[in-house]
Amino acid sequence: MNFTLAGLWTHMGPVAQLIVIAMGLMSMVSLLILAERTIVFRASRRHSRKYAAQLDTLLASGDFDAAAKAKTDKDVGYLGRTIRAGLTAYRISETDSREEVMESVARSLERQAQREVQSLKRGLGHLATVGSTAPFVGLLGTTIGIVTAFQEMGAANSGGIGTISTGISEALVTTAFGLLVAIPAVMGYNSLQGWVDARAVDLSEASNEFLDATSRALKRTRAVGTRD
């Protein structure tokens with residue numbers, strides 16, 4: 001018996017081979033999700049920071065008309081899309097009462113922030129599934145392999161560890177594969193989930209700052225209208 005991956009694969013039963021193939025596919029999917037989400041997260045954060053830098057002064061001063069008309073990149077990131085939703089709600093309800101305007105803007109910001117968080121979470125459920133199920137899939141292969149090894153020992157009417165060592169080693173390979181698939185998936189999921197949670201806090205803080213700016217803008221606009 002050749003105790004290499006190629007040798008073990010050759011002597012594996014069809015069920016064990018099928019389990020190893022399934023775990024290989026699971027590993028590929030998790031790695032692709034990790035790579036895709038990492039690229040998306042970095043790009044979205046970069047665009048959000050750029051948008052905030054471009055419109056920080058206008059938004060802080062409450063000049064929402066100029067902020068809405070300002071030229072920005074096509075992709076403004078999760079932060080830009082949320083702020084734009086607030087700007088749109090403000091323009092639509094600008095003639096309503098102060099309470100109605102604030103409620104409309106707050107609801108728009110909350111809805112868009114929830115959409116952005118859900119968009120950032122896309123694919124993380126698959127990572128969590130791979131991380132939680134891969135060890136059990138490997139354990140299933142191990143269980144089947146050990147049962148097969150004992151069946152072969154019984155059919156050969158012989159005993160001893162040497163008789164079943166090959167079968168047990170083949171069976172344990174599936175457990176090792178399961179752990180190798182699960183560990184990167186769990187680590188990647190925890191890292192990406194922490195990043196999404198941090199961005200959710202950023203969106204909440206930005207929404208509150210935008211609401212404060214909206215309140216100040218309404219006060220100035222209504223004060224000017226009253227004097228006129």
Side-chain angles (χ1 to χ4, degrees), residues 22-93 104-134 179-214 217:
M23 289 190 295
L25 294 174
M26 293 167 67
S27 178
M28 290 178 60
V29 170
S30 64
L31 291 176
L32 287 173
I33 292 174
L34 278 169
E36 186 269 343
R37 286 291 88 187
T38 300
I39 294 172
V40 169
F41 286 0
R42 288 182 177 178
S44 186
R45 187 176 187 180
R46 184 174 64 254
H47 293 147
S48 295
R49 287 180 171 179
K50 189 173 182 180
Y51 179 86
Q54 290 174 339
L55 300 185
D56 181 63
T57 303
L58 294 176
L59 293 174
S61 63
D63 193 352
F64 292 164
D65 291 334
K69 297 176 182 177
K71 292 183 178 181
T72 58
D73 294 339
K74 184 177 181 181
D75 191 345
V76 293
Y78 55 87
L79 181 61
R81 287 187 290 271
T82 302
I83 297 303
R84 280 183 173 179
L87 288 171
T88 301
Y90 177 83
R91 292 201 307 272
I92 293 174
S93 60
S104 177
V105 172
R107 287 194 299 268
S108 295
L109 291 170
E110 183 178 2
R111 284 195 299 268
Q112 188 61 39
Q114 290 176 349
R115 294 191 192 103
E116 295 301 325
V117 171
Q118 287 302 117
S119 177
L120 292 173
K121 286 183 177 180
R122 187 179 300 124
L124 297 191
H126 295 290
L127 278 181
T129 300
V130 171
S132 60
T133 59
L179 294 175
L180 288 174
V181 172
I183 290 172
V186 172
M187 293 177 65
Y189 172 79
N190 290 335
S191 177
L192 295 179
Q193 183 61 51
W195 194 93
V196 172
D197 291 340
R199 301 295 75 76
V201 173
D202 291 344
L203 288 173
S204 178
E205 292 178 350
S207 296
N208 289 332
E209 292 176 2
F210 186 85
L211 286 173
D212 292 339
T214 301

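Quick note: numbers below take in every heavy atom, side chains included, and nothing from hydrogens, waters or symmetry partners.
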Closest non-hydrogen atom pair between [X] and [Y], with its separation:
X	Y	result
T82	S207	CG2-OG, 4.0 Å
A89	S108	CB-OG, 3.1 Å
S30	S27	OG-O, 2.8 Å
A67	L59	CB-CD2, 3.8 Å

Handout entry: Side-chain donor or acceptor of T129 paired with backbone N/O of G125 under 3.5 Å
Key =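 At least one qualifying donor-acceptor pair exists.
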
Exercise for the section: Report yes or no: does S191 contribute a side-chain atom to a donor-acceptor pair with the main-chain N or O of M187 at less than 3.5 Å? Expected result: no

Distance in Å, [X] [atom1] paired with [Y] [atom2], rounded so as to fall on 0.5 Å steps:
X	Y	atom1	atom2	value
M26	L127	CE	CG	11.0 Å
K121	L124	NZ	CG	8.0 Å
L203	F210	CG	CZ	13.5 Å
R42	W195	CZ	CH2	10.5 Å
Q54	D56	CD	CG	11.0 Å
R111	Q114	CZ	CD	9.5 Å

Less than 4.5 Å apart, any side-chain heavy atom of [X] and any of [Y]?
X	Y	answer
Y78	R45	yes
L79	R199	no
L55	I83	no

Using residues 31-41 as the side-chain source, report each donor-acceptor pair under 3.5 Å to any protein atom, sequence neighbours left out, with the distance given to one decimal.
unit_1: R37; atom_1: NE; unit_2: R122; atom_2: O; d: 3.4
unit_1: R37; atom_1: NH1; unit_2: S119; atom_2: O; d: 3.1
unit_1: R37; atom_1: NH1; unit_2: L120; atom_2: O; d: 3.2
unit_1: T38; atom_1: OG1; unit_2: L34; atom_2: O; d: 2.7

Handout entry: Matching residue for V130 among L25, V181, V186 - test: side chain to side chain contact (heavy atoms under 4.5 Å, CB included)
Key =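 It is V181, the one option of L25, V181, V186 that forms the side chain to side chain contact (heavy atoms under 4.5 Å, CB included) with V130.
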
Exercise for the section: Take Q112 and E116, measure what side chain to side chain donor-acceptor pair (under 3.5 Å) needs, and give me the verdict at the end. Expected result: CA-CA 6 Å; Q112 188 61 39; E116 295 301 325; 2.7 Å; yes

Exercise for the section: Begin from the C-alpha positions of L109 and N208 and carry the test side chain to side chain contact (heavy atoms under 4.5 Å, CB included) through to its verdict. Expected result: CA-CA 9 Å; L109 291 170; N208 289 332; over 6 Å; no

Practice task
Verify salt bridge (charged side-chain N to carboxylate O under 4.0 Å, His left out) between D75 and R81, making sure each step is shown before the conclusion.
Solution key: CA-CA 9 Å; D75 191 345; R81 287 187 290 271; 3.4 Å; yes

